[in-house]
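Everything on this sheet refers to the single structure shown next.
The residues of the chain are indexed from 1 along the displayed sequence. Values in this document were obtained by computation on a predicted structure and should not be read as measured data.
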Amino acid sequence: MSRSSLMLVVALVSCAGCASTAVRDPAAPSPSIAAPAATAVAANDNLNAVAWTQTSIERELIYRQAYRAAQSHLARALADPAWEALPSGERKSPVAGLKPAIIVDVDETILDNSPYQARLVREGSTFNEATWAEWCREQRAEGVPGALEFTRDASSKGVTVFYLSNRAQDLRDVTLANLRALGFPVDGGREVFLGLGTMVSGCDQEGSEKGCRRELISRSHRVLMQVGDQIGDFVETPLNTLDGRRAAVKPYLDWIGERWFVLPNPTYGSWEPALFENNWRLPQEQQRAMKRDALRVE
């Protein structure tokens, strides 16, 4: 190395620390600071489902499509005295002379509870009755697309709208207040909300099944349509397995899109425990493994 080259190297090394010791001009732009490493986000099985529910235009269109279809069949249902939307065995009295009604589920059918599901995702928690009741009491759920127009049209035609829900009966008043604030028809108030825990004389209810409550409605009304996001909103499912669920709806496939209107709900439902033998006590890792095993790859 020549002398001149050596001196150049020394000069460069000597100046390497100049930037750190020099006084910075306050008017000069701040030096760039490296961005902190991204915080790891814990995996959550419900993230995609909740994101789809809250952000996809497709979800809104599907809801509007279903409710417009229901609305288009309403006049024909009213005109046909034999029109019935209850599954076999649930009607115990003749329909002649009964007032018309439709039965709608509440959660994810009339009211959108995706903010509650989003909270669970963000907090890394799971559903529990206490946080769910708190959410219901906030009365902040919005209506799902198309539901208000359909129910108000039905009510204007003299059709009673029954809200058949698996919200606990003690959440009845806050649920009705939420519905009223959004403009949903709640003629008869308490009588049109049938929550979990509603007693039906002469009928033994199994768990959260809705058959007894549908039977109660049928004692005073002719049911023209049902709308829901779970099979149990339409018919009882004695065996909650993949085959059992298919068998329960098989006799009524011709009613889909005419008397029964089924809405999508990927965030929760009886479809999920059907994949792990309805055993919520299993560790989450085992539940997940059984759900993966249920996937078809061919």
Side-chain angles (χ1 to χ4, degrees), residues 38-71 104-129 131-132 134-136 138-151 163 165-167 175 178-179 182 184 208 226-234 237 240 242 245-246 249 256-257 260-276 278 280 284-298:
T39 303
V41 177
N44 189 301
D45 288 358
N46 220 14
L47 174 58
N48 267 9
V50 177
W52 181 85
T53 297
Q54 292 194 327
T55 66
S56 72
I57 186 65
E58 291 85 356
R59 180 252 189 183
E60 177 181 342
L61 298 181
I62 290 169
Y63 270 67
R64 292 192 185 281
Q65 175 179 267
Y67 275 117
R68 285 178 183 173
Q71 200 166 340
V104 296
D105 174 51
V106 172
D107 299 311
E108 281 51 73
T109 298
I110 294 293
L111 295 180
D112 176 3
N113 302 288
S114 63
Y116 172 73
Q117 299 295 329
R119 293 178 189 180
L120 298 182
V121 171
R122 288 197 167 215
E123 295 166 2
S125 55
T126 56
F127 173 89
N128 70 70
E129 296 290 349
T131 58
W132 168 247
E134 288 174 9
W135 160 255
C136 294
E138 289 178 28
Q139 302 175 32
R140 293 174 60 190
E142 296 292 334
V144 304
L148 182 62
E149 295 87 343
F150 169 66
T151 54
Y163 301 90
S165 173
N166 276 338
R167 289 190 177 198
T175 302
N178 197 161
L179 291 169
L182 295 171
F184 284 96
S208 60
Q226 296 194 73
V227 188
D229 65 307
Q230 308 286 332
I231 289 176
D233 295 333
F234 305 89
T237 310
N240 193 48
L242 297 182
R245 290 161 62 78
R246 290 188 182 281
V249 299
I256 304 301
W260 290 4
F261 297 87
V262 188
L263 302 171
N265 181 1
T267 62
Y268 66 86
S270 54
W271 59 268
E272 183 182 6
L275 303 180
F276 49 82
N278 303 289
W280 286 106
Q284 191 173 62
E285 294 77 11
Q286 190 172 348
Q287 293 178 21
R288 185 177 292 122
M290 294 176 76
K291 286 190 285 187
R292 283 174 59 88
D293 289 343
L295 298 177
R296 292 183 292 107
V297 295
E298 59 181 27

Exercise for the section: Could you check if a side-chain atom of Cys136 sits within less than 4.5 angstrom of a side-chain atom of Arg167, using non-hydrogen atoms only? Expected result: yes
Handout entry: Contact summary for Leu111 and Asn178, nearest pair of heavy atoms
Key = CD1-OD1, 4.1 Å
Practice task
Any chance you could measure Asn265, atom CG, to Glu272, atom CD, to the nearest 0.5 Å?
Solution key: 10.5 Å
Exercise for the section: Answer whether the closest heavy-atom distance between the side chains of Thr237 and Arg245 falls below 4.5 Å. Expected result: yes
Handout entry: Point-to-point distance, once rounded to the nearest 0.5 Å, from CG of Asp293 to CG of Leu275
Key = 10.5 Å
Completion exercise
When every non-hydrogen atom of Trp280 is compared with those of Gln287, the smallest separation belongs to O-NE2, 3.4 Å
Practice task
Check whether any side-chain heavy atom of Asp233 lies under 4.5 Å from a side-chain heavy atom of Gln226, and answer yes or no.
Solution key: no
Handout entry: Salt bridge present between Glu149 and Arg68 (N-O < 4.0 angstrom)
Key = no
Problem - Any side-chain heavy-atom pair of Thr53 and Gln117 under 4.5 Å - result: no
Exercise for the section: Would you please classify the geometry between the Phe184 ring and the Tyr163 ring as parallel, tilted or perpendicular, with 30° and 60° separating the classes? Expected result: perpendicular
Exercise for the section: Give, for atom CG of Asp107 and atom CH2 of Trp135, the distance between the pair rounded to the nearest 0.5 Å. Expected result: 10.0 Å
Practice task
Step by step, work out the side-chain contact (heavy atoms from CB on, under 4.5 Å) result for Phe276 and Gln284.
Solution key: CA-CA 10 Å; Phe276 49 82; Gln284 191 173 62; over 6 Å; no
Problem - Nearest heavy-atom neighbours spanning Glu108 and Ser114 - result: OE2-N, 4.0 Å
Handout entry: Thr109 versus Asp229, side-chain donor and acceptor atoms under 3.5 Å
Key = yes
Problem - Leu295 CG to Met290 CE distance, which is reported to the nearest 0.5 Å - result: 13.0 Å
Exercise for the section: Search all heavy atoms of Ala141 against all heavy atoms of Asn113 and return the closest pair with its distance. Expected result: CB-OD1, 3.9 Å
Fill in the blank from the handout: Smallest heavy-atom separation, Val144 atom then Asp112 atom, equals CG1-N, 3.9 Å
Practice task
Quick one: pull up CZ in Arg122 and CG in Leu47 and give me the separation to the nearest 0.5 Å.
Solution key: 10.0 Å
Handout entry: Heavy-atom side-chain contact between Arg59 and Trp52 under 4.5 Å
Key = yes
Exercise for the section: For the residue pair Tyr268 and Gln230, establish whether any side-chain heavy-atom pair is separated by less than 4.5 Å. Expected result: yes
Problem - Distance, nearest 0.5 Å, that separates CD1 of Ile57 from CD1 of Ile62 - result: 10.5 Å
Problem - Short side-chain donor-acceptor distance under 3.5 Å, Arg119 and Thr131 - result: no
Exercise for the section: Please work out which of the three classes, parallel, tilted or perpendicular, describes the rings of Phe150 and Tyr67, given edges at 30° and 60°. Expected result: tilted
Exercise for the section: Please state whether the rings of Trp260 and Phe234 are parallel, tilted or perpendicular, taking 30° and 60° as the class boundaries. Expected result: tilted
Handout entry: Minimum side-chain heavy-atom gap Leu182-Leu148 below 4.5 Å
Key = no
Fill in the blank from the handout: Closest non-hydrogen contact found for Ala118 with Gln54 is CB-NE2, 4.0 Å
Handout entry: Side-chain heavy-atom pair Asn240, Ile231 within 4.5 angstrom cut-off
Key = no
